[in-house]
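A quick note: this is a predicted structure, and the numbers were derived from the prediction, not measured. Lettering of chains follows the sequences in order, A, B, ..., and the numbering in each one begins at 1.
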2 protein chains.
Amino acid sequence: MNVPTPGSHLTASAGSRNEQTRRHNLSTLLTLVHHHGALSRAELTKLTGLNRSTIGALNTELASAGLVFESAAQESGTVGRPSPMVNPSADIVALAINPDIDAIEVGAVGLGGEVLSRARRATASVPTPSEALEIALELIEDVRSQLASGTTIVGVGVAVPGLVEADSGTVTRAPHLGWEDVAWGEQLSDALGLPVQVGNDAAVAVVAVAVFGAGQGAANLMYLNGSASGIGGGVIAGGTRLVGANGFAGELGHTLVNSEGDACYCGRKGCLETEVNLNRLHAAAEASGIAAADAVAQLAATSSGPFAAEVDREADVLAHGIANLISVFNPEAVVLGGFLGDLYGARQERIRTGVLADAFAPLGDNVRIERAQLGDELLLVGAAELAFGPLLHDPSGWKAKS
Amino acid sequence: MNVPTPGSHLTASAGSRNEQTRRHNLSTLLTLVHHHGALSRAELTKLTGLNRSTIGALNTELASAGLVFESAAQESGTVGRPSPMVNPSADIVALAINPDIDAIEVGAVGLGGEVLSRARRATASVPTPSEALEIALELIEDVRSQLASGTTIVGVGVAVPGLVEADSGTVTRAPHLGWEDVAWGEQLSDALGLPVQVGNDAAVAVVAVAVFGAGQGAANLMYLNGSASGIGGGVIAGGTRLVGANGFAGELGHTLVNSEGDACYCGRKGCLETEVNLNRLHAAAEASGIAAADAVAQLAATSSGPFAAEVDREADVLAHGIANLISVFNPEAVVLGGFLGDLYGARQERIRTGVLADAFAPLGDNVRIERAQLGDELLLVGAAELAFGPLLHDPSGWKAKS
DNA sequence: AGGTTATGTTCGTTTCGACCACAAACGAAG
DNA sequence: CTTCGTTTGTGGTCGAAACGAACATAACCT
C-alpha cells in the first residue's frame, strides 16, 4: 500500500525510541518463523528488507535466547552459497486451555504452532469455575509430563465461550457455562505461577484460522463457527483482529437475517443464530428418522423430506447472512467452522451461489469461502497464540529458563 | 493496551531501519499538532514519551521545513519556565473537491484543519466527468486566488459518491453520478501538476468525523450518513478506518433491517437504505400537506398524521439497524450525518431508547450517539485529510516551496 | 576455474537519551 | 518592592544503541 488510504494513520501513536527498533525487528523475525515455519536467513533478509548484517545479529540474539535454532540449509539446487534455516524452537511451549460445557481440554503447543501433547476430560455436567479449575490443573500435569525435558513454558492461554475482559482475565459472562464475573485467569495464574491470558473462544479461533488455518495470508477475513451454544465469530480486518471498544466486536451470530424469525435470547428476533441452529437440525433429523446425534454426519444423506428441507433452508439463510456481512466487511475469505463447516460441506454449491447472488455487486465476486482446517486443534492453537503474544511482541531480554 | 488482545500482531510487518524511526517521530509530531491543534513542546514531550532534546530537534526540523511554527507560550499561571507553542502552519494547504449530483464544491484547507476558502457551483444536471473536471479547475482558480500569498499546496483530495480504487484514483462505479471507470484522479493530476488522492465520500467523511468532528478521540466509531443518494457509512476500528480487501468495506446502507421490505437496487430487499429514505419522507410529508423540500426541516413539526408516522417508523428502523451494527462493531460512538442527523434531532429519545432496547446486552449501554458536526465542511476537511496523508506520513525531506 | 549467492566482520552514520548549564515563571521571606 | 529559592523547561554536548555499507571469505553450480 504505497498510497495511504484515507484513515490509515488516524491515531498519533507514541514516539519511537531507538531501542524499540531492535524490539520491533526481533519481534518481526520471531513472528515470521513462528507463523510461517522455518525460513532461511536469505529469505528473512528479503522479507524484512533488513541488511544481512542485521539479520545475522538479530538471529544470533534470538538463538542465544533459545527461541530459534539454526539448521543446515535445504537442498535448493540453485547456485550460490546455501543459506542456513532459522527454525522456531519447539522447546518453547505455551499451554492452551479450553473449558467447555461438556469437557475441559488442555494442550501444549510449541513455537511454530505444533500441538505437542494434549489431554481432555469429559464432565458429566456443565463444570463450575472451581471444578473446571481443578480439572484443568490435573490435565496440565498430564500434558506437562508428556513434554520432552528441556522445554520452557512461556505462559497459558485460555479460550472461553463467553465475554471476557482481556486485561484482567475475567470471564464477564459465559451464558452456556453459567459463569459470571469469574476471575478465572487470576486463579489459574496464582495456582501455576505462570502468566495467563484469557480470550473469547471465537476471537481465539479466528486468530488460529488467520495464522495457521484456512485463512492464512488473508488480511481481511471472516470466521463463523457453529456449535451447540450458537454461532460465534471473529473478524480480521487490515491484518488485525476486530476488537471493538470493549473487546466485544464480532458478535456475528446476532446479525439480523429474518425480521419475522424466532425470538433470540439476545432480545431481538431473527438473528443468524436463531435461524441457523443445531437444535433445528436435530429436530428435523428426527422427523426424518435420523437420530439427532447423527444429524451433522448425515447432512448430505437425504435429498428430500423434512431434514433435507431444513438443511436447504439453513444453507440459504446462512448464505444470506454471509452476503450481508460481506457488504459490511469486504473480506477476501470467509471461513466456516463447527457445524457451519459441515453445512457448507453438504451444500457447498447452494451456499456459494446464494452468497454470489446476494452480495453487493463487486464484493462477493472475489470472496473465498472455505471450511476451517485444524479441526479440534483450532482452539488449542489459538489459545496458545494468546500465550505466545507477549513473547512475540518483545523477545528481547527473554531467556529460556530450561 | 498493555496486555495484547488476541490478534493484535498478526502480520509480521517489514523491518524497521534506523532512519524510519526519525520519519515516524516526525510524522507523529506533525500529526499531533495537525489533529489536536497547537501544543506546547512540554505537552509534546509528555504525549510522545520522547526526550526533550529529541522533541527539540524534531521540532526544529519541522519548523525549518515550514510545516510548523513556534509562538510564545500560553499564559498558564503555573510555576516553571513556560513552554513555547508548536502550531501547525496554515500556509500548508490541501485542496479538497467534492463532485456531486447537483454541484461541484472546492475548498482549501490549511494544516490544522481550518477551511481557508471555498467555492461552489450548482449544476443544472448531473455533471459528466469532463464537465465536473472543467468546473473543478475553474473553482480551484477561484479558491487559490483567495489564499494568502506564501501558501504551499501539498496536494488535492477528492471525495466521490461511489466506489473508488484508491491506488489509481479511478472512480470504478458512481451510480448516482452515472460515472463508470473514470480516471478522474489522473486527469485532475495531469491538469494541475499536483498529486491527487481520490476516496469514497463516506470513507472521507468518517475520517473527518474521527479527526475533527463528533467522533474525536474515539478509536472505534461508526458513521452513518443519509443523503438523496442513499445511506453511506464508514467505520473506524482500532483507530484505523475499516478498508476491506478491495477498499469497499463499510457499505452500511446495505445491511438488512427488514426481510419483508422493499427491493433494493443492490439486489436484495429490506436494506437500511430502502427502509430509511429521503424519498419516503418526502412522500409522507406531501401526504401531510408539507412540501417535500421542507420535509427535513419540518421533521419534528407534527406529532400525528402520515408524516409523523413515517418519521416514527424510520426512526425505529434506524435504531434497529444501528443496534444490529453495534453488535458487530462494538463502537464507542455512533455519529449520524445528513438527514439521519436531522432524523436523530427530531426523534432523539425514540432512537436512543430503541438502540438501547435492541442492542446485544452490554454493547449498547456505553455507546455515544451523536449528530455530525462540521456541517458542510465535513467532506472538504475529510478530502483534505486525504491530500495531507503523504505529508503526514513522511514529513522528512519536505520543503515548503512557497 | 569462474560465476553466483550468501555469511562474517569492521567501520561509519544516524538517532535518540543522559547530563549539565542556564532561562523564565511563581511565590514566600525580608 | 526586591530577592532568593523552587519549579519547570530549553539548549547543547557527549555517549550508547542500532543499522547499513564495504570488504574478505565461504559454499555451491556449471
Return the polar atom pairs (N/O with N/O) between nucleotides 28-30 of chain C and the protein under 3.5 Å, or none.
none

How many angstroms lie between atom [atom1] of [X] and atom [atom2] of [Y], to the nearest 0.5 angstrom?
X	Y	atom1	atom2	answer
B:Leu58	B:Ser27	CG	OG	11.0 Å
A:Leu67	A:Ser396	CG	OG	10.5 Å
A:Lys46	A:Arg52	NZ	CZ	9.0 Å
A:His24	B:His24	NE2	NE2	10.0 Å
B:Asp167	B:Gln197	CG	CD	9.5 Å

Between [N] and [X], is there an OP1 or OP2 to side-chain N/O distance shorter than 4.0 Å?
X	N	result
A:Arg52	D:dA26	no
A:Asn25	D:dA18	no
B:Ser83	D:dT10	yes

Mind running side-chain contact (heavy atoms from CB on, under 4.5 Å) on B:Leu242 and A:Leu242 for me, showing each step along the way? CA-CA 9 Å; B:Leu242 201 72; A:Leu242 201 73; 4.0 Å; yes

[X] [atom1] to [N] [atom2]: how many Å, rounded?
X	N	atom1	atom2	result
B:Glu43	D:dT10	CD	P	11 Å
B:Leu50	D:dG9	CG	C1'	16 Å
A:His24	D:dC19	NE2	P	11 Å
A:Glu70	C:dA6	CD	P	15 Å
A:Met85	D:dA27	CE	P	19 Å
B:Leu58	C:dT14	CG	P	16 Å
B:Leu26	C:dT14	CG	P	15 Å
A:Gln20	D:dC19	CD	C1'	16 Å

Go through D:dT10, C:dT15, C:dT7 for me and flag the one nearest to the A:Arg41 side chain.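 Of the candidates, C:dT7 comes closest.
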
Residue among B:Ile55, B:Thr28, B:Leu50 satisfying side chain to side chain contact (heavy atoms under 4.5 Å, CB included) with B:Leu44: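 Option passing the side chain to side chain contact (heavy atoms under 4.5 Å, CB included) with B:Leu44: B:Ile55.
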
Just one of A:Leu391, A:Ile153, A:Thr151 clears the side chain to side chain contact (heavy atoms under 4.5 Å, CB included) bar with A:Ile92, so which one?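 For A:Ile92, the side chain to side chain contact (heavy atoms under 4.5 Å, CB included) check succeeds only for A:Leu391.
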
Of all residues at least two apart in sequence or in a different chain, which pass the side-chain hydrogen bond (donor to acceptor under 3.5 Å, both in side chains) check with B:Ser149?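 If we apply the side-chain hydrogen bond (donor to acceptor under 3.5 Å, both in side chains) test to B:Ser149, skipping adjacent residues, there are no hits.
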
The criterion is side-chain hydrogen bond (donor to acceptor under 3.5 Å, both in side chains); which residues satisfy it with B:Asn59, sequence neighbours excluded?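 Partners of B:Asn59 under the side-chain hydrogen bond (donor to acceptor under 3.5 Å, both in side chains) test: B:Glu70.
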
Short heteroatom pairs, N/O only, protein and nucleotides 12-17 of chain D, under 3.5 Å:
from	atom 1	to	atom 2	distance (Å)
D:dG12	O6	B:Ser53	OG	2.9

What pairs of nitrogen or oxygen atoms, one from the protein and one from nucleotides 28-30 of chain D, lie under 3.5 Å apart?
from	atom 1	to	atom 2	distance (Å)
D:dC28	O2	A:Gly80	N	3.4

Looking at A:Arg41, is its backbone amide N or carbonyl O close enough to the side chain of A:Ser83 to form a donor-acceptor pair, meaning the two atoms are under 3.5 Å apart?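 Yes; at least one donor-acceptor contact below 3.5 Å.
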
A:Phe212: partners by ring pair (Phe, Tyr, Trp, His ring centres under 6.0 Å), with sequence neighbours left out: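 Only A:His34, A:His35 meet the ring pair (Phe, Tyr, Trp, His ring centres under 6.0 Å) criterion with A:Phe212.
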
